[in-house]
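The structure under discussion appears below in the form of structure tokens.
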Amino acid sequence: MATYELLFRPGVTTQVEVDDRNMLFYAAHRKVDVLPDQAAVIDAALDNPIGADRLEHTLNPNARVVIIVDDITRPTPTAKILPVILARLAKVGIPDEAVLIFMALGTHRPMTYEELCVKLGDEVLARYRVINRDYRVGDYVDLGTTASGIPIAVNREIVDADFRLAIGNIVPHITSGWGGGSKIILPGVCSQKTVDRMHYAACLMQPVLEVVGQRDNQARVEMDDIAGKIGLDFIVNTVLDEAQHMVDVFAGHYIVAHRAAVALAQEVMVVPIPKPADIVIASAHPCHFDYWQGIKPYVFAHLAVREGGVLIFLLDGVERLCGDAPAHEKTVRACLPLTVAEQVAAVGRGEIADLAGLNVPLYHAMVRDRVQRTICVTHHLLPEDLALLAFDSAPDVQTALDHAYDLMGCDATVGIIPFGGETLTRVG
């Protein structure tokens, strides 16, 4: 018998005991022997960009620069990276007033002042103009359509800039395979029409379990296409360990540098397992805020549990189902109980206007019935939330595991994913 500790969120832990004869795998990130100096690794990436020239060789003093930044739901250490980039812009002679920082919120709510201070740093927030607004408002520029017919409308502040630089992080993602790269443009800075159509189309382009962990997929092609159309000039993407230390930083072209970053992320975050387990215990951390984020670890965990198995899902859920994206609350609650076919039919009848809000219900419906039961251990989801998700509940992980053994038998194999929001498993 061994005891395993799991996080609900930073500072809130729980434990579970698993008999050695049942334990099949513990899927933790691969450890890096020696972490690079956290300041030097940023400079090294900017000094040696991949597929692009250095900023100092590209920019001129008259350039209007927009720096696109992901939001507080992403762990990107932007407050460490931004001052280094801004110092290089200043050396070129670009004044503060020619630099705009644009929060790529996608469909998420605008960030609070306190969140902006954490994300950008107090000094940057005080010195530079920052746009932090709901994606449903703003002035957008029509740039035609993607190859599949998705209309492209991008914030005018992005289009009108002379140079576009994006800061992001590489983690697994259910829509684009991996985060980072061109994803910060779509959905980050696009109009509601573009975001709605892309979210809905991406859900149906490929089976979700084929997409996660694959850099090249149909949705990513569309994202790269839009980034190319607006001219995403430079990216800075990080690969982090579980403690949010930078394992490495990749700068340069939004496709070439992104491919290099994904290659490292696969080494760190894709964990080999001998086979899918009968029972998987997965913590949603660090996607623990709500189910809008929690859908990602929920989907990822299905790669590790066999069909007909039991999934024990730990979701703190302080913002319940959709606190991070309240604009979609009504759609998420109405559609979570529906099948994929029922949701698609409702769209065809014109009954659902909020197509981006279908992102979570569609993915949920695609995997929900792969397992015999999902048992949720949560601090904040209410019984009505769990009923919409069709999740059973348990007061703690040990009770959930005992119930899972009742369903699967006392010899059932068990797998644990302690960092489920950023971990994928692969057999072999």
After noting the C-alpha distance and the side-chain angles of T14 and L314, does the key distance pass the side chain to side chain contact (heavy atoms under 4.5 Å, CB included) rule? CA-CA 10 Å; T14 189; L314 282 65; 3.9 Å; yes
Output the distance between atom CD1 (I184) and atom CZ (R164), rounded to the nearest 0.5 Å. 14.0 Å
For the NE2 atom of H199 and the SG atom of C190, what is their distance to the nearest 0.5 Å? 10.5 Å
Determine whether Y140 and Y135 satisfy the following criterion, ring pair (Phe, Tyr, Trp, His ring centres under 6.0 Å), listing intermediate values before the conclusion. CA-CA 10 Å; Y140 293 91; Y135 81 118; 8.7 Å; no
With a 4.5 Å heavy-atom cut-off, do I295 and I174 have their side chains touching? yes
Is it the case that the ring center of H364 lies less than 6.0 angstrom away from the ring center of Y291? yes
Is R370 close to L209 at the side-chain level, that is, under 4.5 Å between some pair of heavy atoms? yes
Please tell me if the side chains of D392 and C376 come closer than 4.5 Å, counting only heavy atoms from C-beta onward. no
For the pair D241 and R30, evaluate salt bridge (charged side-chain N to carboxylate O under 4.0 Å, His left out) and give the outcome as yes or no after the intermediate values. CA-CA 9 Å; D241 67 8; R30 301 181 191 180; over 6 Å; no
Side chain to side chain contact (heavy atoms under 4.5 Å, CB included) for E242 and E422? Distances and angles first, verdict last. CA-CA 8 Å; E242 291 184 20; E422 295 182 4; over 6 Å; no
How long is the straight-line distance from CD1 of I226 back to CD1 of I152, given to the nearest 0.5 Å? 4.5 Å
is_close_aromatic(F391, Y298), centroid dist under 6.0 Å: yes
S182 and H258: side chain donor to acceptor below 3.5 Å: no
Apply the test side chain to side chain contact (heavy atoms under 4.5 Å, CB included) to residues C335 and I352: give CA-CA distance (whole Å), side-chain angles for both, the deciding distance (0.1 Å), then the verdict. CA-CA 9 Å; C335 296; I352 301 175; 3.7 Å; yes
Among residues at least two apart in sequence or on other chains, which ones pass salt bridge (charged side-chain N to carboxylate O under 4.0 Å, His left out) with D96? R127
I'd like to know if D290 and R320 make a salt bridge, using a cut-off of under 4.0 Å between side-chain N and carboxylate O. no
Centroid-centroid distance, H288 to F8, less than 6.0 Å: no
Determine whether a donor-acceptor pair (N or O, by modelled atom type, separation under 3.5 Å) exists between the side chain of W178 and the backbone of G213. yes
Please check if any side-chain donor atom of T58 sits under 3.5 Å from a side-chain acceptor atom of D53, or the reverse. no
Nearest heavy-atom contact between D196 and L355 is O-CB, 3.6 Å
CG-CD distance between L86 and E123, expressed to the nearest 0.5 angstrom: 9.5 Å
I'd like to know if the side chain of R64 and the backbone of D160 have a donor-acceptor N/O pair within less than 3.5 Å. yes
Are any non-hydrogen side-chain atoms of V249 and M246 less than 4.5 angstrom apart? yes
Does the pair E157/R133 count as a salt bridge with the N-to-O cut at 4.0 Å? yes
Distance (rounded to the nearest 0.5 Å) between C287 SG and K296 NZ: 4.5 Å
Ring centroids only, cut at 6.0 angstrom: are H108 and F289 within range, meaning strictly under it? no
Counterpart residues, side chain to side chain donor-acceptor pair (under 3.5 Å), relative to D47 (two or more places apart): R54, R88
Measure the shortest side-chain to side-chain distance between E342 and T339 over non-hydrogen atoms and say whether it is less than 4.5 angstrom. yes
Determine yes or no for a side-chain-to-main-chain donor-acceptor pair under 3.5 angstrom, with N132 supplying the side chain and P110 the backbone. no
Please check if the side chain of E5 supplies one atom and the backbone of T3 the other of a donor-acceptor pair under 3.5 Å. no
Atom pair CZ/CG of F163 and N60 - distance to nearest 0.5 Å: 10.5 Å
Answer with yes or no whether the side chains of T238 and N169 bring together a donor and an acceptor at under 3.5 Å. yes
So, the side chain of T378 versus the backbone of H380: is there a donor-acceptor pair under 3.5 Å, distance only? yes
Do V65 and L89 make a side-chain contact, defined as non-hydrogen atoms from C-beta onward lying under 4.5 Å apart? yes
Would you say the side chain of L165 lies within less than 4.5 Å of the side chain of D233, judging by non-hydrogen atoms? no
Under 3.5 Å donor-acceptor, D248 side chain and A261 backbone: no
Can you tell me if NZ on K80 sees more than 12 non-hydrogen neighbours from other groups inside 6.0 Å? no
Checking the side chain of T331 only, and the main-chain atoms of L358 only, is there a donor and an acceptor separated by less than 3.5 Å? no
Residues at least two apart in sequence or cross-chain that pass salt bridge (charged side-chain N to carboxylate O under 4.0 Å, His left out) with D70, listed by chain then number, are K119
Tell me whether T194 contacts the main-chain N or O of P151 through its side chain, where contact means a donor paired with an acceptor under 3.5 Å. yes
With L388, the side-chain contact (heavy atoms from CB on, under 4.5 Å) member among L381, L382, L336, V332: L336
Run the side chain to side chain contact (heavy atoms under 4.5 Å, CB included) test on V239 and M269 for me, step by step, so that the C-alpha distance in whole Å, both residues' side-chain angles and the decisive distance to 0.1 Å come before the verdict. CA-CA 10 Å; V239 176; M269 301 173 196; 4.1 Å; yes
Would you say the side chains of E222 and T146 form a donor-acceptor pair under 3.5 Å? yes
Flag if over 12 foreign heavy atoms under 6.0 Å of CZ, R129: no
With a 4.5 Å limit on heavy-atom distance, are the side chains of V377 and P395 in contact? no
Taking the basic N atoms (NZ, or NE/NH1/NH2) and the acidic carboxylate oxygens, is any pair closer than 4.0 Å for D216 and R220? no
